[in-house]
2 protein chains.
Amino acid sequence: MAVANAAVKIPMEAPVSEKRVRNRAATEQAILDAAKRLLAEEGFQNFGINAVARGAGCDKQLIYRYYGGLDGLVEAIGTDLGSWVKDRIPDDTGGMFLLTYGDLMERLALLFLDALRADPLMRRIVAWEVSENSEQVRRLSEARSKALAGWIERMRGSLTPPKGIDAQVVNAIIFAAIQHVVLSATVSDQCAGLALKTARDWEKAATALKRIVRGVYG
Amino acid sequence: MAVANAAVKIPMEAPVSEKRVRNRAATEQAILDAAKRLLAEEGFQNFGINAVARGAGCDKQLIYRYYGGLDGLVEAIGTDLGSWVKDRIPDDTGGMFLLTYGDLMERLALLFLDALRADPLMRRIVAWEVSENSEQVRRLSEARSKALAGWIERMRGSLTPPKGIDAQVVNAIIFAAIQHVVLSATVSDQCAGLALKTARDWEKAATALKRIVRGVYG
DNA sequence: CTTGCTACTCACCGCTCGGTGACAGATTGG
DNA sequence: CCAATCTGTCACCGAGCGGTGAGTAGCAAG
């Protein structure tokens with residue numbers, strides 16, 4: 001087999017899919033991407049070592065080696081989440097002048113609504129958060145809420161809530177409402193009997209949301 | 001072995017657990033109860049034929065025979081749900097005079113909040129609803145929302161929402177908020193960074209909720 | 001007692017899961 | 001050149017899953 005070397009040097013490369021390159025960094029990234037994609041598209045139900053490995057096109061052993069298992073991988077997703085959020089939720093006021101706390105909260109609520117609607121991964125994580133209480137989920141949840149809190153703080157600027165209102169609690173409830181509405185709509189195109197399918201439906205929801213925010217903050 | 005018959009007639013009954021009686025109705029009920037209990041306590045994650053059969057102390061084959069499988073069993077739970085709700089959410093106004101639509105919605109919101117906090121099965125179903133879109137879940141969800149809508153309609157009486165407000169949409173958002181807050185608190189004792197552990201925490205949440213409702217409906 | 005019917009159990013199937021140990025090919029350093 | 005190391009693959013394990021076909025125990029009528 002003296003010709004073996006030559007044959008290896010010019011093999012019929014990539015008979016069907018391009019040959020896997022030996023590159024740890026790229027493989028790690030491929031695994032991370034596959035995990036995020038899987039979580040976003042399939043949800044946490046069928047999320048596991050085997051599925052991720054299949055999605056990344058590599059052996060699951062590498063997930064154990066590079067991330068120490070599913071937990072480590074999920075943690076890596078969490079770490080990734082901060083930048084993820086930054087890319088997806090605008091950080092300016094869209095040219096608006098936010099004169100009052102009510103202006104601010106209305107804008108934040110609508111921005112958050114749109115951002116969540118547009119981001120499947122975030123939606124899955126939120127759904128996961130209210131369905132399971134594992135270490136995995138806790139880490140993800142923490143990363144998410146931290147990113148969210150940071151965003152709100154940045155947007156808030158120097159505006160302060162009106163006296164006599166426990167804004168932290170009110171805001172938590174409003175954001176909870178947004179999350180549940182979006183989750184419910186994603187799964188079943190409706191929420192509590194309210195259709196949430198067409199753009200028109202969502203406009204009505206946004207209007208009602210504005211009304212609620214304005215009702216509290218004026 | 002002539003004594004065999006005598007031995008059978010007076011056997012050491014129930015050596016450890018009482019002997020299973022041959023009673024189809026009772027077994028069906030045991031299966032249904034086990035399913036509800038399992039769903040309430042463990043959630044939908046590990047909910048399956050084997051787990052239910054184990055919980056009911058019978059063979060899974062009986063679940064196929066009596067309910068036609070998990071789907072039929074879940075449907076039976078859904079059917080059960082109407083009466084379940086009636087037992088758990090009060091149907092009167094608690095001696096209050098509800099003069100305005102705002103009065104009504106405030107009371108409904110608080111009642112719903114408490115009822116959901118007190119009912120693990122309902123919470124699991126709600127969590128399931130926002131996590132998966134299967135036929136099973138759709139059936140359960142439908143039964144739940146029907147029961148809920150019926151309750152609201154009964155409580156509403158002749159009160160009508162103020163003009164110029166799309167009450168259906170606003171109410172859907174408010175109920176969504178309640179559901180998400182309760183789910184989140186159940187899993188992690190907090191929601192969007194807001195602690196929801198002590199009675200004091202919940203009082204604050206209830207106050208904020210009232211403020212939101214009153215903000216919209218006056 | 002025999003014969004059916006019903007309630008119920010058991011053993012087994014194929015499959016996927018998470019997890020591990022052994023191994024092959026490429027790369028690098030001596 | 002060999003040897004060590006790194007990257008990636010493969011075969012296999014035990015366990016649990018949903019699902020099924022065959023068989024057993026109790027009861028009632030003849």
Side-chain angles (χ1 to χ4, degrees), chain A residues 1 4-32 34-35 38 42-74 132 134-136, chain B residues 1-2 4-15 17-32 34-35 38 42-74 132 134-136:
Chain A
M1 294 288 208
N5 269 336
V8 166
K9 267 179 181 165
I10 312 164
M12 17 192 77
E13 282 283 308
V16 53
S17 68
E18 64 254 35
K19 189 72 178 62
R20 189 157 243 336
V21 285
R22 275 173 78 88
N23 181 341
R24 171 161 179 168
T27 303
E28 282 183 3
Q29 191 61 48
I31 291 173
L32 189 60
L38 260 174
E42 309 289 331
F44 58 93
Q45 300 269 45
N46 299 325
F47 185 73
I49 284 279
N50 292 293
V52 172
R54 234 176 287 125
C58 71
D59 197 274
K60 56 183 170 183
Q61 174 72 21
L62 298 184
I63 300 176
Y64 288 104
R65 265 221 266 284
Y66 297 157
Y67 292 96
L70 247 201
D71 291 26
L73 182 53
V74 169
E132 202 181 1
S134 63
E135 195 58 30
Q136 284 181 10
Chain B
M1 293 286 211
N5 269 338
V8 166
K9 268 180 180 166
I10 312 164
M12 17 191 77
E13 282 281 311
S17 69
E18 65 254 36
K19 188 74 180 64
R20 190 155 239 340
V21 286
R22 274 173 80 88
N23 181 340
R24 170 159 182 169
T27 302
E28 282 184 4
Q29 192 60 47
I31 292 172
L32 190 60
L38 260 173
E42 309 289 331
F44 57 92
Q45 301 269 45
N46 298 324
F47 185 74
I49 283 280
N50 293 293
V52 173
R54 233 177 287 126
C58 70
D59 197 274
K60 57 183 169 182
Q61 174 72 21
L62 298 184
I63 300 176
Y64 288 105
R65 264 218 261 287
Y66 297 156
Y67 293 96
L70 246 202
D71 291 25
L73 182 53
V74 169
E132 201 181 2
S134 64
E135 195 57 33
Q136 286 180 10

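Numbered from 1 within each chain, the chains take letters A, B, ... in sequence-line order.
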Inset, instruction - Tell me, please, which residues at least two apart from B:D59 pass side chain to side chain contact (heavy atoms under 4.5 Å, CB included). - result: B:Q61
Inset, instruction - In whole angstrom, give the distance that lies between atom CD of A:E28 and atom C1' of D:dG8. - result: 13 Å
Legend entry - Sub-4.0 Å heavy-atom contacts from residues 42-55 of chain A onto DNA chain D, ordered by number: none
Inset, instruction - Rounded to the nearest angstrom, tell me the gap between atom CD1 in B:I63 and atom C1' in C:dT9. - result: 13 Å
Please enumerate all protein N or O atoms sitting under 3.5 Å from an N or O of nucleotides 28-30 of chain D, with distances to 0.1 Å.
none

Legend entry - Minimum side-chain heavy-atom gap A:V52-A:K60 below 4.5 Å: no
Inset, instruction - Specify the closest pair of heavy atoms between A:A56 and A:A34, including all atoms of both residues, with the distance to one decimal. - result: N-CB, 3.6 Å
Inset, instruction - Starting at CD1 of B:I49, measure out to CD1 of B:I63 and round the result to the nearest 0.5 Å. - result: 4.5 Å
Inset, instruction - Taking side chain to side chain donor-acceptor pair (under 3.5 Å) as the test, write out the residues that go with A:Q45, two or more places apart. - result: B:E132
Legend entry - Shortest non-hydrogen contact between B:L73 and B:Y67, atoms and distance: N-CB, 3.8 Å
Legend entry - Residues that B:Q136 engages under side chain to side chain contact (heavy atoms under 4.5 Å, CB included), provided they are two or more places apart: B:L70, B:D71, B:V74, B:W128, B:S134
Inset, instruction - Name all residues meeting the side chain to side chain contact (heavy atoms under 4.5 Å, CB included) criterion together with B:Q29; count only those two or more places apart in sequence or in a different chain, and write none if there are none. - result: B:L32, B:D33
Inset, instruction - Return the value, rounded to whole Å, for the distance between atom CG of B:N23 and atom C1' of C:dT6. - result: 12 Å
Legend entry - Any residue meeting side chain to side chain donor-acceptor pair (under 3.5 Å) with B:R24, in chain and number order, not counting sequence neighbours: B:E28
Legend entry - Whole angstrom value for the distance that separates P of C:dA7 from CD of B:Q29: 16 Å
Legend entry - Spacing of A:L62 atom CG relative to C:dG18 atom P, expressed in whole Å: 16 Å
Legend entry - side-chain N/O A:T27 vs D:dT7 OP1/OP2, d < 4.0 Å: no
Inset, instruction - Return no unless some side-chain N or O of A:R24 is found under 4.0 Å from OP1 or OP2 of D:dT7. - result: yes
Legend entry - Residue list, side chain to side chain contact (heavy atoms under 4.5 Å, CB included) with B:N23, at least two apart or on another chain: B:V21, B:A25, B:A26
Legend entry - Length of the line joining A:L70:CG and C:dT16:P, which is rounded to integer Å: 18 Å
Anything under 3.5 Å between a protein N or O and an N or O of nucleotides 20-23 of chain C, put it in a table, one pair a line.
{"from": "C:dG21", "atom 1": "O6", "to": "A:Q61", "atom 2": "OE1", "distance (Å)": "3.1"}

